[in-house]
Amino acid sequence: MITEPLLRMTGIGKSFLGVRVLHDVDLDLYAGELHALVGENGAGKSTLMKVLAGVHRPDDGRIELDGTEVSFEHPLRAQRAGVSTVFQEFNLLPERTVAQNVFLGRETRTRGMVDERAMENATAALLDDLGLEGVSPRSKVRHLSVAEQQVVEIVKALSHDARVISMDEPTAALADHEVEVLYRIIARLRERGVGILYVSHRLKEIFDLADTITVLKDGHRVDTVAAADTRPAELVRKMVGRPISSVFPDPLEPHGDRVGEVRLSVSGGGNTRLDGIELRVHGGEIVGLAGLQGSGRTEIAHALFGVDRFTRGEVHVDGRRVDPRSPRQAVRAGLALVTEDRKAQGLLLEQSVLANARLVLDAVLPFGSGRRARRIPGLLSSLELVARGGHGQEVRYLSGGNQQKVVLAKWLATDPSVMVLDEPTRGIDVGAKQAVYTLMRELAAAGVAIVLISSELPELLGMSDRLIVLDDGRIAGELPGDAGEEDVMALATGASSPRHEEAAP
Amino acid sequence: MTRAVSVSKNLRARTGTTGLVYLALVVVLVLSALLVAFQGGDLFTAANTVDLFTRSSLLGFLAIGQTLVILCRSLDLSVGYVAALSTMVAAITMAGDPSRIVLGVGATLGLAALIGLVNGLVITRLRVNPFIATLGMGLVIKGYLDTRFQGPAGSVPSEFQMFGLSRVGVLPISTLVMLALAVAAILFLRRTRMGLHMYAVGGDAEVARLSGIRPELPLIAAHVLCSMMAGIAGLLLASRFGTGNTLVYNNGYELEAIAAVVLGGTYLLGGRGGVAGTVAGVFILATLDTVFNTLSMDPFVKDVLRGAIVIAAVAVYARGRHARAAVRLRFPSGGAPPSAAGPPEPPSPPPSPPAPEHAARRGER
């Protein structure tokens with residue numbers, strides 16, 4: 001690069017409660033460049049972004065924008081200076097309109113009064129500019145899909161005339177076709193000379209998008225490389241400090257009694273969002289549910305678990321008809337569901353590791369729970385849970401990967417016959433992903449029937465023995481575990497069967 | 001296509017709860033009229049109409065203020081005490097002298113604003129839960145009133161009694177003032193930054209903060225305005241009684257105001273709702289009171305009915321909100337047959353996608 005960097009961060013250090021989370025981190029970002037920030041969870045990526053966003057103040061180091069030193073005491077200062085951040089948790093008000101959200105805090109005024117019309121027009125112009133006419137500035141954010149909400153966040157950043165936009169795991173909640181929309185938006189942003197700082201766990205995206213990659217590990221900058229000069233395997237090695245031979249562990253020798261038996265079967269399952277669901281999962285088998293975001297994958301998990309139950313059809317577990325009408329019945333029947341949203345649906349964040357791990361036992365299976373609970377410490381240590389404060393530590397202080405291990409322990413303690421895992425590796429680091437994969441293999445070998453839901457196709461293909469592809473609430477087809485990504489996408493997008501498709505973002 | 005869908009959704013969302021509240025008001029009026037007519041009376045006599053409007057003005061002042069506070073995800077339990085204190089301040093300051101009316105009104109509103117400011121500061125600076133902070137403030141005022149005064153005090157000049165007693169046709173002046181303030185509050189909430197920021201702070205204070213709003217300011221402003229509205233309610237009471245009266249606080253105005261706000265469709269957890277709904281909520285409660293009065297109903301039964309209606313109304317809104325928040329129904333007919341025990345249904349197609357049927361299903365949606 002010959003030009004001066006748009007943004008230069010030098011020697012950034014930050015501690016929380018005496019724990020140093022960033023050590024002397026340097027980072028340069030050029031106009032029109034996409035600079036990816038990678039590292040395991042807890043490597044300091046989010047903290048670095050928050051320092052840039054003005055959420056946290058750095059203890060050491062300096063931030064320069066266009067060669068002048070800046071200090072962001074408040075997120076607003078960063079935004080005014082042209083540095084906007086799209087956080088993983090959206091900062092939107094669901095009850096307000098898109099335009100009200102975009103202009104929140106600096107509403108357009110004419111003659112002293114807020115001018116909604118002007119705000120809506122400006123928002124519409126920005127949306128059009130990104131090629132997104134489908135989102136109305138007058139819709140309430142509550143009515144938008146996750147992908148659309150993300151677009152609103154980006155539009156909000158643009159409305160500040162942002163020159164630097166940092167994005168924290170922008171694709172975490174997006175399905176593949178929505179990711180493409182994001183790619184297009186990113187391309188537009190770069191054409192405008194916006195510098196983008198991009199955090200993601202998905203290496204494919206990073207190699208698709210990034211010009212430069214900075215690897216962080218335990219708060220240190222390990223390396224900064226041009227994307228063209230490195231390979232995924234090398235990058236992973238830098239992130240974890242060790243090479244990962246094969247990402248997905250091979251199936252283990254089955255040893256459980258129930259391997260090969262049909263442990264879960266659904267026939268003719270349907271409700272308002274699903275129809276004609278036929279599903280048979282054998283002990284020792286991992287069945288992947290593929291499909292676009294909103295195609296009905298999570299809905300199946302919820303229906304099986306009695307959250308939004310099937311109103312038609314039958315559910316059998318181990319040959320017994322159960323038709324769960326509530327999660328409580330589902331647990332009793334031997335089902336376990338690792339929910340998609342760990343923080344909101346999987347854990348009591350303010351309670352201890354142990355309390356969380358005992359939760360289901362105590363709530364649903366009180367008899368003999370003492371005996372089963374005695375296994376919990378063993379389960380937790382076999383999952384290699386890292387909690388500095390021991391099992392009494394509040395779960396909210398754990399990293400994403402360790403939180404997920406607590407969720408897994410909670411369900412393993414119930415000895416489930418059927419385990420449904422909804423996005424079990426979302427937002428967790430490479431090491432923890434490995435632990436989850438290994439655990440799935442072990443469970444399968446012990447005869448548990450596993451249903452895996454994931455938005456990451458390589459993960460689904462790598463782990464599943466069979467794939468069920470969903471499209472718009474119905475099963476679009478079944479594929480063997482060694483199918484290609486294109487086959488899955490063809491079924492999931494309906495490309496293999498002709499149909500009248502309307503524009504449904 | 002998508003735009004049309006989202007616009008229609010938007011329209012529904014906009015009229016949403018407020019439309020529902022006004023519909024409920026009409027239903028309540030019609031039912032009440034029928035009920036009274038059935039008993040051989042007439043709900044819409046001039047006397048009854050005046051009574052209805054008179055009731056609505058006092059509650060209206062309190063509820064409009066309370067709406068602002070609740071929108072910010074706060075609460076003010078001190079308004080009844082502030083109103084009681086205000087009657088005393090107004091009556092004692094005016095001391096029956098018409099030339100001191102302006103001074104009395106100013107002192108009353110100034111003191112009320114100060115109390116609101118203290119409420120707001122205690123909640124934002126000392127981080128005391130609003131429930132406790134305003135309850136404590138109410139008790140402080142009550143204690144002061146109880147120790148300092150042994151009964152009515154001061155006197156309101158007859159000119160100022162016009163505010164409480166005179167009217168234009170069937171519309172009391174106080175109701176007109178209340179409606180004017182309601183319109184002002186609606187404009188404030190929709191057309192000023194501070195108003196919009198109240199929704200933001202109530203919706204999610206952290207989002208507001210990250211958007212550059214200082215979340216304390218709208219909250220403090222809401223408390224100041226709420227207290228001032230309670231001050232106006234006190235002025236109205238003083239002008240009706242002709243004197244200051246400490247025992248006003250026994251009437252449970254704060255809870256009635258909260259009931260009116262909630263009945264008006266404002267979300268008790270903040271960020272959603274508005275004054276337009278509150279006004280309808282006030283009129284619904286006032287209508288009920290007028291009806292109960294016309295029918296000379298036992299006051300205890302009255303309270304039972306009022307409580308039941310508020311709960312029922314909120315249950316209806318909660319249901320409506322749930323339905324609107326729900327994701328689109330792909331197979332709306334599917335919910336009909338209760339499943340669990342019944343035999344499995346035949347119509348489900350085989351698992352592989354039969355293309356023509358697929359298309360037909362999409363078409364009918």
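Every chain is numbered from 1, with letters handed out A, B, ... down the list of sequences.
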For this session: State, to 0.1 Å, how close Thr192(B) and Val114(A) come at their nearest heavy-atom pair, and which atoms those are.
Result: C-CG2, 3.4 Å
Exercise. Does Arg193(B) use its side chain to pair, donor to acceptor, with the backbone of Glu107(A) at less than 3.5 Å?
Worked result: yes
For this session: Locate the shortest heavy-atom distance separating Ser211(B) from Leu104(A); write the atom from each residue and the value.
Result: OG-CD2, 3.4 Å
Problem set entry | Tyr199(B) OH to Gln100(A) CD distance, which is reported to the nearest 0.5 Å | 9.0 Å
For this session: Kindly compute the distance separating CG (Leu196(B)) from CD (Glu116(A)), expressed to the nearest 0.5 Å.
Result: 6.0 Å
For this session: Please look at Leu92(A) and chain B and tell me whether the side chain, the backbone, both or neither of the residue comes under 4.5 angstrom of a heavy atom of that chain.
Result: backbone
Exercise. Between Arg96(A) and Asp204(B), is any pair of side-chain heavy atoms under 4.5 Å apart?
Worked result: no
For this session: Return the option, out of His74(A), Arg109(A), Arg77(A), Arg80(A), with the maximum number of heavy-atom pairs under 4.5 Å with chain B.
Result: Arg109(A)
Exercise. Looking only at heavy atoms, which two atoms of Arg272(B) and Arg142(A) are closest? And how far apart?
Worked result: NH1-NH2, 3.2 Å
Exercise. Given that the side chain runs from C-beta out, which part of Arg190(B) has a heavy atom under 4.5 Å from chain A: side chain, backbone, both or neither?
Worked result: backbone
For this session: Sort out for me which of Gly271(B), Ala200(B), Gly203(B) touches chain A most, counting heavy-atom pairs under 4.5 Å.
Result: Ala200(B)
Problem set entry | Atom group of Gln79(A) that falls short of 4.5 Å from chain B, counting heavy atoms | side chain
Problem set entry | Interatomic distance, Asp115(A) atom CG to Arg191(B) atom CZ [nearest 0.5 angstrom] | 6.5 Å
Problem set entry | Engaged part of Val315(A) at the chain B interface, taking heavy atoms whose separation is under 4.5 Å | neither
